[in-house]
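All residue numbers in this chain count up from 1 along the given sequence.
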Amino acid sequence: MDLGESIFWMNGRLATNCVEISEDPSSLDRSGFWVVLQSFSGQFICARFATVIESNLPKHPWQKITSAWRSSQSQIIFEENVKKIQSYIANGDIYQVNLCRILTAVCHQSLQGLASEIIAQNPAPYAAYLRLPGIEIASASPELFLQRKSDLIKCSPIKGTSKTGEFGDKDRAENIMIVDLIRNDFGQICESGSIDVPRLLVTEEHPGLFHLVSDVIGTLKAGVGWKQILTALTPAGSISGAPKLSALSIIKKLENNSRGPYCGVIGWSQGDQALLSVGIRIFWSHQDGKIHFGTGAGITWQSDPTGEWDETELKAKRLMAIAGGVM
């Protein structure tokens, strides 16, 4: 695949005619429309597109997958890992960890058709499609990682998932914990006294489920560039844990494969404007005949291991029905 086949779509904005690819976050400080992709582990790539128009994603056929999905963690192993995290919590090593598993199936077709099906059947506020050399992503992300308007930035962490819109103490405590973590991250790059939480513990309805969402805002310090922003804020608190460094260490021990772009960052930047999503509810392919999907849950002392497994199933269920395959 060459650069000419690259394409990006998000929220009615279609970018084509890719003219440059960079692995340097500082490239975003330069002029132009840049598509941003950062993996959970921090691998960064951005692509500058010369043509950007308001448009729907061009239609492309999709044949449902017929092969079986293989999970990186069985239910037994996942529930054992929940208990291990609770042991870390009991020892005072951690307060919360986001535990994820990766589903993989055989797929020899473009994900552009799947992205079109997702947009039609599972509308999401940060739905996106990206195709670059070596990577293809169809995203139904419900979560804002970062919106930038001049010097004002906003994150909207999701913590809390339910079928009914009813949330317990565990969900609310977890959400507040992550809001505090993000406020701390903002403190590295924002003006003192500018950080605020204008929306806390709000219930949002999404296709097939409900989420508990909060907003954190702040004003960037003068001279702060994109490299500093991404260093301070990634990986997102909602998909790592608190404290973040301890959570990342535990995730590395318990999860037996790379998350890749799942739980990373996907979106665009242009000058002092940007819209970046958290890379959750995404399908991705390295154009190697395989398709992947990630799903996870936030683990606290109050977690029920089977209930957390069920949450990963709930998050995957609707999108898996669209993609096809045997669970």
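Atom CD1 of residue Ile280 and atom OH of residue Tyr262 lie 7.0 Å apart, to the nearest 0.5 angstrom. Taken to the nearest 0.5 Å, the OG atom of Ser214 stands 8.5 Å off from the CD1 atom of Ile182. Separating the CD1 atom in Ile94 from the CD1 atom in Ile251 is a distance of 8.0 Å, to the nearest 0.5 Å.
Glu20 CD: more than 12 foreign heavy atoms inside a 6.0 Å radius. Applying the 6.0 Å contact sphere to CZ of Phe167 captures more than 12 heavy atoms from other residues, nucleotides or ligands.
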Quick one: side chains of residues 49-65, donor-acceptor pairs under 3.5 Å with protein atoms, not counting sequence neighbours, listed by atom name and distance.
{"from": "Trp62", "atom 1": "NE1", "to": "Ala323", "atom 2": "O", "distance (Å)": "3.4"}
{"from": "Lys64", "atom 1": "NZ", "to": "Ala321", "atom 2": "O", "distance (Å)": "2.9"}

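No side-chain heavy atom of Ser156 sits less than 4.5 Å from a side-chain heavy atom of Glu143. Looking only at side-chain heavy atoms (C-beta outward), Ser110 and Arg131 come within less than 4.5 Å of each other. In this structure, Ile119 and Trp9 have side chains that are in contact, with non-hydrogen atoms separated by less than 4.5 Å.
Scanning both residues, Lys253 and Tyr88, for their nearest heavy atoms gives CD-OH, 3.7 Å. Pairing each heavy atom of Gly296 with each of Lys315, the nearest pair is O-NZ, 2.9 Å. Between Tyr126 and Ser277, the shortest heavy-atom distance links the atoms CB-CB, 3.6 Å. Listed here is the closest heavy atom pair of Leu114 and Ile291: CD2-CD1, 3.9 Å. Heavy-atom minimum distance, Ile178 versus Pro157: CG2-CB, 4.1 Å.
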Apply side chain to side chain contact (heavy atoms under 4.5 Å, CB included) to residues Asp171 and Asn175 and explain how you reach the verdict. CA-CA 6 Å; Asp171 297 303; Asn175 191 291; over 6 Å; no
Report the C-alpha distance between Lys159 and Met177 in whole Å, list the side-chain angles of each, state the deciding distance to 0.1 Å, and finish with yes or no for side chain to side chain contact (heavy atoms under 4.5 Å, CB included). CA-CA 9 Å; Lys159 269 299 153 198; Met177 190 184 304; over 6 Å; no
Side chain to side chain contact (heavy atoms under 4.5 Å, CB included) for Gln38 and Gln43? Distances and angles first, verdict last. CA-CA 5 Å; Gln38 181 166 315; Gln43 294 173 308; over 6 Å; no
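Think of Leu209 as one node in a network of Ile, Leu, Val, Met, Phe, Trp and Tyr side chains linked at under 4.5 Å; its network also takes in Leu314. Hydrophobic cluster of Val326: no remaining members, since no ILVMFWY side chain lies below 4.5 Å from it.
Proximity of a side-chain donor or acceptor of Ser27 to a complementary backbone N or O of Glu23 within less than 3.5 Å is not detected. When atom types are taken as modelled, the side chain of His211 and the backbone of Gly160 share a donor-acceptor pair closer than 3.5 angstrom. The backbone N or O of Gln121 sits less than 3.5 Å from a side-chain atom of Arg318, completing a donor-acceptor pair. Checking side-chain atoms of Glu308 against main-chain N and O of Glu79 turns up no donor-acceptor pair under 3.5 Å. Ser285 places a side-chain N or O within 3.5 Å of a backbone atom of Gln287 that can act as its donor or acceptor partner. Side-chain N or O atoms of Asn256 include one that pairs as donor or acceptor with a backbone N or O of Ser72 at under 3.5 Å. Looking at Gln96, its side chain never comes within 3.5 Å of a backbone N or O of Glu174 through a donor-acceptor pair.
Every residue two or more places apart in sequence or in another chain that forms a side chain to side chain contact (heavy atoms under 4.5 Å, CB included) with Ile153 is listed here: Leu146, Arg148, Phe186, Ile189, Cys190, Leu220. Shown here are the ring pair (Phe, Tyr, Trp, His ring centres under 6.0 Å) partners of Phe293, two or more places apart in sequence or in another chain: Phe283. Partners of Trp268 according to the ring pair (Phe, Tyr, Trp, His ring centres under 6.0 Å) rule, which considers only residues two or more places apart in sequence or in another chain, are Phe33. Not counting sequence neighbours, the partners of Trp309 by the ring pair (Phe, Tyr, Trp, His ring centres under 6.0 Å) test are Phe78. Applying the side chain to side chain contact (heavy atoms under 4.5 Å, CB included) rule to Leu37 yields the partners Ile45, Leu130, Ile135, Ile137, Pro261, Ile266; only residues at least two apart in sequence or on another chain are considered.
The stretch residues 231-241 participates, sequence neighbours left out, in no salt bridge (charged side-chain N to carboxylate O under 4.0 Å, His left out) pair at all. Sorted by first then second residue, the salt bridge (charged side-chain N to carboxylate O under 4.0 Å, His left out) pairs that include residues 177-192, not counting sequence neighbours, are Asp180-Arg183, Asp185-Lys244. Evaluation of the salt bridge (charged side-chain N to carboxylate O under 4.0 Å, His left out) test over residues 81-102, restricted to residues two or more places apart or in two chains, returns Arg101-Glu313. The list of salt bridge (charged side-chain N to carboxylate O under 4.0 Å, His left out) pairs with a residue in residues 283-293, not counting sequence neighbours, is empty.
The hydrophobic cluster containing Leu3 also contains Trp34, counting ILVMFWY residues as joined when their side-chain heavy atoms lie under 4.5 angstrom apart, directly or transitively. When hydrophobic clusters are built by joining Ile, Leu, Val, Met, Phe, Trp and Tyr residues whose side-chain heavy atoms come closer than 4.5 Å, directly or via intermediates, Ile217 is not grouped with Ile176.
In the model, Gln302 has no side-chain atom that pairs as donor or acceptor with a side-chain atom of Asp169 under 3.5 Å.
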